[in-house]
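First up is the structure itself, then whatever we jot down about it.
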Amino acid sequence: MALNMKALLAMILVFVGCCSNVVFLELIIKIDPGAGNLITFSQFVFIALEGLIFTSKFFTVKPKIAFKDYVMLVVLFFGANVCNNYAFNFNIPMPLHMIFRSGSLMANMIMGIILLKKRYNLRQYSSVAMITVGIILCTLVSSGDVKDNTHPTLKVDTSFSDFFWWSVGIALLTIALLVTAYMGIYQEVIYKRYGKHPNEALFYTHMLPLPGFLIMASNIAQHWSIAVSSEAVAVAMPVPGVSWTLSFPLMLFYLLCNVVTQYICISSVYVLTTECASLTVTLVVTLRKFVSLLFSIIYFRNPFTLSHWLGTILVFFGTVLFADVLNQLWAAYQLRRKAEPQAVEYSRI
C-alpha cells in the first residue's frame with residue numbers, strides 16, 4: 001500500500017508541478033521571450049542547492065555512480081536544457097514548443113536504430129510516423145505566422161528575416177530532442193551498471209554544469225536586469241500587529257515560482273520512473289503535456305488552428321500507440337477479472 005501511495009502522490013505532483021511550471025514559464029516568456037538562459041540557470045542553482053543540502057549533505061555522502069560516468073550525462077543534460085529554453089529567443093510560440101518536445105519517442109527510436117541497432121515492430125513504426133507527421137504539420141502551420149518576439153530593450157536591426165530566426169529556433173529544438181534521446185540511452189547504460197539513484201543523479205546533473213553558465217554570463221545579466229525592472233507587485237505580509245507590504249518585480253516572482261515548480265516536476269518524474277512501469281510513466285507524462293497544451297491555448301489564447309489540432313492529435317495518439325496502451329490496459333483488465341473469483345473464494349473461507 002505504501003508503494004501505491006508513493007506512486008499516486010508522485011502522479012499528483014507531476015500534474016501539479018509540471019503543469020504549473022509551464023504556466024509560469026509562459027508568463028515569463030510573455031514579458032521577456034529571451035529569458036531562456038536566466039530560467040535554466042535559476043533552475044539549476046535551486047536544484048543543485050537542494051541536492052547539496054539534502055542529498056549530498058555537503059559532499060559527505062559518497063556518490064554511488066562514478067564521477068567519470070556523470071561527465072557525459074551532464075554535458076548532454078546541460079546542452080538539451082539550454083537549447084530547449086533558449087529556443088524561445090527565436091520566435092518559437094509555447095504550443096509549438098510543447099508539441100515539438102513531445103516527439104521524444106521519435107528521437108528515441110532514431111537513436112535506438114543508429115546506436116543500439118534495435119529493430120521495432122510495425123505498430124511502433126506506425127506510431128512514430130504519426131508523431132513525425134504531427135510535428136511536421138504543426139511546424140509548417142506555425143511557419144506561416146512568425147513574429148519577432150524579442151524584448152523591446154534588446155531589439156537589434158538585422159538583415160535576416162523573422163522566419164530565419166524562427167528556423168534557428170526549430171533547429172535548436174531538433175538538436176535538444178536528439179540530445180535528450182541519446183541522454184536517455186546513456187542513462188540506461190549507467191543505471192544497468194550502478195542501479196537507479198534518482199536523487200543523486202538529479203543533484204549531480206544540476207550541480208556539475210553550473211560553471212558552464214559562465215559562457216552565458218552577459219546574456220543572463222541582461223535578462224536579470226529586465227526581470228528586476230519589470231512591473232512591481234505588492235503583497236501584504238501577515239505579520240501580527242504590523243502593517244507591512246512587500247513589493248518586488250513581477251517577473252522575479254514568476255521566476256521563483258517557475259524554479260520551485262520545476263523542482264517539484266522533475267523530482268516527481270524521477271520518483272515515478274522508480275515506482276511505476278514505463279507504461280504508467282508514459283501515460284502520465286503524455287496526459288500532463290496534453291493538459292498543459294490545452295491550458296496554454298485556452299488561458300493564454302495562443303493561436304491554434306484546425307491543422308494545429310490535427311497535428312497535436314497525431315502526436316499524442318502516436319505516443320499512446322507506441323506504448324501499446326490499449327492492449328496493456330486490456331491485458332491488465334483480463335488479469336484482474338481472473339483474480340476476482342479467487343478473491344471471492346478466499347473471502348468465503
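- Residues Y186 and F77 keep their aromatic ring centres 6.0 Å or farther apart.
- Pairs engaging residues 287-309 under the side chain to side chain donor-acceptor pair (under 3.5 Å) rule: E26-S296, E26-N302, S142-H308, R288-S292, S296-N302, T305-H308 [sequence neighbours left out].
- Within a 6.0 Å sphere centred on OH of Y263, other residues, nucleotides and ligands contribute 12 heavy atoms or fewer.
- Within the 4.5 Å cutoff, side-chain heavy atoms of L293 are placed close to those of P95.
- Placement of M183 and V189 in two distinct hydrophobic clusters is found when ILVMFWY residues are connected by side-chain heavy-atom separations under 4.5 Å, directly or transitively.
- By the 4.5 Å heavy-atom criterion applied to side chains, T205 and F44 are not counted as neighbours.
- Note on residues 55-72: pairs passing salt bridge (Lys or Arg N to Asp or Glu O under 4.0 Å), not counting sequence neighbours, are D69-R193.
- Note: L172 CG to N89 CG = 9.5 Å, rounded to the nearest 0.5 Å.
- Of all the heavy atoms in S268 and V14, the pair that sits closest is CB-CG2, 3.6 Å.
- Within the structure, the side chain to side chain donor-acceptor pair (under 3.5 Å) test picks out the following pairs touching residues 76-88 (sequence neighbours left out): T40-N85.
- Looking only at distances, a side-chain donor or acceptor of H223 sits under 3.5 Å from a matching main-chain atom of G34.
- Separating the CG atom in L177 from the CZ atom in F100 is a distance of 6.5 Å, to the nearest 0.5 Å.
- The shortest distance between side-chain heavy atoms of N258 and N21 falls below 4.5 Å.
- Nearest heavy-atom pair across S230 and L250 is OG-N, 3.6 Å.
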Start with the C-alpha gap between I113 and Y120, add the side-chain angles, then the distance that decides, and say whether side chain to side chain contact (heavy atoms under 4.5 Å, CB included) holds. CA-CA 9 Å; I113 292 171; Y120 299 89; 3.7 Å; yes
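- Considering only heavy atoms from C-beta on, I39 comes within 4.5 Å of Q43 through its side chain.
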Show me, pair by pair, the donor-acceptor contacts under 3.5 angstrom made by side chains of residues 206-218, not counting sequence neighbours?
from, atom 1, to, atom 2, distance (Å)
H206, ND1, L202, O, 2.7

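- Note on L306: it does not cluster hydrophobically with L137, by side-chain heavy-atom contacts below 4.5 Å among ILVMFWY residues.
- Two residues are said to be in side-chain contact when any heavy atoms from C-beta on lie closer than 4.5 Å; F90 and I170 fail this criterion.
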Evaluate side chain to side chain contact (heavy atoms under 4.5 Å, CB included) for W166 paired with L96, printing each intermediate quantity in order. CA-CA 11 Å; W166 175 86; L96 179 61; 4.0 Å; yes
Worked check of side chain to side chain contact (heavy atoms under 4.5 Å, CB included) between V23 and F300: CA-CA 9 Å; V23 171; F300 291 101; 4.1 Å; yes
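- Between Y254 atom OH and F24 atom CZ the span is 8.0 Å, to the nearest 0.5 Å.
- Taken from CE in M111 to CD1 in I114, the straight-line distance is 6.0 Å, to the nearest 0.5 Å.
- Note on V228: it clusters hydrophobically with I31, by side-chain heavy-atom contacts below 4.5 Å among ILVMFWY residues.
- Atoms CG and CZ, on L25 and F88 in that order, are 4.5 Å from each other to the nearest 0.5 Å.
- In this structure, V75 stands alone, with no Ile, Leu, Val, Met, Phe, Trp or Tyr side-chain heavy atom under 4.5 Å from its own, directly or through other members.
- Taking hydrophobic clusters as Ile, Leu, Val, Met, Phe, Trp and Tyr residues chained together by side-chain heavy-atom distances below 4.5 Å, L314 does not share a cluster with L122.
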Derivation of the side chain to side chain contact (heavy atoms under 4.5 Å, CB included) call for V179 and F78: CA-CA 10 Å; V179 169; F78 177 73; over 6 Å; no
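- Contact between Y191 and A201 at its shortest, heavy atoms only, is OH-CB, 3.9 Å.
- In this structure, the side chain to side chain donor-acceptor pair (under 3.5 Å) partners of Y70, at least two apart in sequence or on a different chain, are E200.
- Of all heavy-atom pairs between A80 and T180, the closest is CB-OG1, 3.5 Å.
- Following chains of ILVMFWY side-chain contacts shorter than 4.5 Å, one can reach V128 starting from Y125, so the two form part of one hydrophobic cluster.
- Shortest non-hydrogen contact noted between I99 and C138 is CD1-SG, 3.6 Å.
- By the 4.5 Å heavy-atom criterion applied to side chains, L321 and F317 are not counted as neighbours.
- Nearest approach of I92 to A87, heavy atoms of both residues: CG1-O, 3.3 Å.
- To the nearest 0.5 angstrom, S20 atom OG is 10.0 Å from F295 atom CZ.
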